[in-house]
Amino acid sequence: MRLSQLFTKTSKNVPADEEARNAQLLIQAGYIHKEMAGVYAYLPLGLKVLENIKRIVREEMNAVGGQEVMMTTLQPRDIWEKTDRWDDKKVDNWFKTALKSGTELGVGLTHEEPIVDALSIYVNSYKDLPLYVYQIQNKFRNELRAKSGLLRGREFVMKDMYSLARTQEEHEKLYDQAVETYHRIYGRLGLGDATYRTYADGGIFTDKFSDEFQTLSEIGEDTLYVDEARKIAINEEIYTDENLAKLGLDKSKLVKKTGVEVGNTFHLESKYTDALDVYYTDENGQQKSIIMGCYGIGISRLMGVLAEYFADERGLVWPEAVAPAKVYLARLGNDPAVIKQADELYEKLTNAGVETLYDDRDARPGEKFADADLLGLPYRLVVSAKTQEAGKYELKARQSTEVRQLDETAVMKSLGREQ
RNA sequence: CGGGGAGUGGCGCAGUCCGGUAGCGCACGCGCUUUGGGAGCGCGGGGUCGCAGGUUCAAAUCCUGUCUCCCCGACCA
C-alpha cells in the first residue's frame, strides 16, 4: 500500500473525547473512527489488524475441529423465552427492535439459543456428537456506560465457540482442549506472558467455576489475585477462603493485580439444550441431555488491549502477528534516483510477500519518522540520498533504537518470510 | 441510572464570568523557499458557536428545556 493513496491520515492532535490510550492512539493513527460512544468503525489499517487477529483465532479454532458458522443479528423472541433470557429484567442489556407488524425482535448479544436451535435439526444421535461450532460476529449490548475505547463497546466483534458433548467426561475433555487453544492464541498475539487463566464465578446454573483469561494491565476493570509461579489467578469476585481451598490456591502466594478479560469459557451443563428441547439418543435408544460449553474471545477488545499494551510514548507498537503491514518503507526526499530506487524496493518487497506500507508522500523526514512511530509497524526501512550514497538501506525495528545499515540482500533476508 | 466535567470550521482550543455580530494552532488550497525527527514566508477557502425555545435594540455569551460526549460509581465480554 502506498501511503499517498491511503485515505486516512494521522493527526497531531489527540482526540478530546477519548481518555483511553487505546482509543486515542488508534484514532490519532487513523485505524478506527468513532461513530458514537462504544461504537467504532474500522478503517483500512485498523481493519487489517482486526482481520489478523481473526485469522489467528480462526486458525486455532479450526485446529481443534471447530466448524465456523455465522448466526444472525436479528433474533426471534420465542427461543429466548424458552431459556428465560428475553425479559429485560433477566437480561438488561438487550437492544430490541420490531418488525413493521409490531413483532418484537432482539439484536444478538450472544448466541447460545440460536446455535442450539439451529443445531437441533442436525443433532439427534450419539453419532452426531461431540462437536465444536463457532462464529466471529458483531455482538450488540446495551451497556449503561461504554468506556475505555475498544475495551467496552456497545457493538463489538466477538468469537464465540460452543461445544456439545454426550457426557460430562466428554465435555471436560472438550473444555480443557479449548482452554489450551486459548493459551496458544494469546501466545501468538504476544500476550502469553501477561495473560492468566483466572477462576471466576461460573454463573447460576453450575457449581463449577468459569475461566477467564485476564491480561494484566492498568486499564483493566477486574481485580485478580495472581499466583505468578503457577500462572494462574482468581478473580476477586470469588476470592474466599472456601474457594481458595477448593482450587488449591495458597493465599500467601497470591499477588493483587488488575486485568482485562480477553476471553472466558463457561460450563453450561445442559441448561440451554434442555430448555430448547434438544437431546440426543444414545446407543440404547435412551434420550439424553447434551452437555454444553461456551468459549468467548473479544476480538475487537483484543485489538484495544494490544494497542494499549504494546504502545510507547511515540505511538503504537504492533506485534508482528497482527500488524497491518510488516514494514514502513520511508522514502526521504524527492530526488528522482531515490524515488526510482524506493519504488523498485517497494515492488521487490511486495513481490517477496513482505507486506509494506510505502511512504511515498512528498513529506519531510521528520513527519515520516513520526508517522512510522505512531503507526507502529514492526520495521522501518529508509531509502534516501544518504543511503543511496552508502549503498545500504537503513532498517530499524519499531521497539528498538538500533539502526542497521544493510544492503538489499540483507534487507530481503531480514524481512523475508523464512524468519 | 446517580455524581462530576464538556459541546465554538475536519482535529485541538481561546472567547462565555462582564451581551455589541467569532479568533488561534493543526489540517486543507495556491505560490516561493526548504528536505534525516512533525519546515518557513505570503495569500486563500471553510464555522446558522450541539439543538429548540425565551429575554434583549442586540445572544457563542443570560434564562429554560433537550440531545450528545468524557470521567467516577453501579452493571457488564
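Computed over heavy atoms, backbone and side chain alike; hydrogens, waters and symmetry mates excluded. Labels below follow one simple rule: chain letters A, B, ... track the order of the sequence lines, proteins then strands, and each chain is numbered from 1.
When both distances must be under 3.5 Å, the Watson-Crick or G-U wobble mate of B:rA6 is B:rU68.
Electrostatic pairing of A:K173 and A:E169 does not count as a salt bridge here, judged by no charged N lying under 4.0 Å from a carboxylate O. A salt bridge between A:E355 and A:K48 is present, with a side-chain N of the basic residue lying under 4.0 Å from a carboxylate O of the acidic one. A salt bridge does not link A:K82 with A:D117: every distance from a Lys NZ or Arg NE/NH1/NH2 to an Asp or Glu carboxylate oxygen is 4.0 Å or more. Of the charged side-chain nitrogens involved, at least one lies within less than 4.0 Å of a carboxylate oxygen, so that A:D343 and A:R2 count as a salt-bridged pair. With respect to A:D312 and A:R398, a salt bridge is recorded, a charged nitrogen being found less than 4.0 Å from a carboxylate O.
The CZ-C1' distance, from A:R364 to B:rG38, rounds to 9 Å in whole Å. Between the CZ atom of A:R361 and the P atom of B:rU35 there is a distance of 19 Å, rounded to whole Å. One atom, CZ of A:F7, and another, P of B:rG10, lie 18 Å apart when rounded to the nearest Å. Whole-Å rounding puts the A:E394 CD to B:rG37 P distance at 11 Å.
Within 4.0 Å (heavy atoms only), A:E212 reaches no atom of the nucleic acid at all. Among the atoms of the strands shown, base atoms are found under 4.0 Å from some heavy atom of A:T10. Among the atoms of the strands shown, none is found under 4.0 Å from any heavy atom of A:D160. Counting non-hydrogen atoms under 4.0 angstrom, A:V14 reaches the backbone sugars and phosphates but no base. Here A:E261 lies in heavy-atom contact (under 4.0 Å) with sugar-phosphate atoms only. Heavy atoms of A:R331 sit nowhere under 4.0 angstrom from any nucleic acid atom.
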Any protein N or O atoms within reach of nucleotides 70-74 of chain B? Criterion: under 3.5 Å, listing atom names and distances.
| residue | atom | partner | partner atom | Å |
| --- | --- | --- | --- | --- |
| B:rC70 | OP1 | A:K34 | NZ | 2.9 |
| B:rC72 | OP2 | A:R145 | NH2 | 2.3 |
| B:rG73 | N7 | A:R145 | NH1 | 3.4 |

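Put simply, A:F156 rests on the base of B:rA77: the two rings are less than 5.5 Å apart at their centres and nearly parallel, under 30°.
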Verdict with reasoning, A:E18 to A:L26, per side chain to side chain contact (heavy atoms under 4.5 Å, CB included): CA-CA 11 Å; A:E18 295 284 4; A:L26 290 169; over 6 Å; no
Using the side chain to side chain donor-acceptor pair (under 3.5 Å) rule, take A:S289 and A:D274 through it: C-alpha gap first, then chi angles, then the decisive distance, then the call. CA-CA 7 Å; A:S289 282; A:D274 286 353; 2.8 Å; yes
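Residue whose closest nucleotide on RNA chain B sits further toward the 5' end, between A:R141 and A:F369: A:F369.
For the atom pair OH (A:Y132) and CG (A:L164), the distance works out to 11.5 Å, reported to the nearest 0.5 Å.
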If a protein heavy atom is under 4.0 Å from the base, mark B; if only from the sugar-phosphate, S; if neither, -; do that for nucleotides 22-31 of chain B going 5' to 3'. ---BSSS---
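Taking the C1' atom of each, B:rG37 and B:rA59 are spaced 47 Å apart, rounded to whole Å.
A:Y175 and A:D211 share a donor-acceptor pair across their side chains, judged by distance under 3.5 Å alone.
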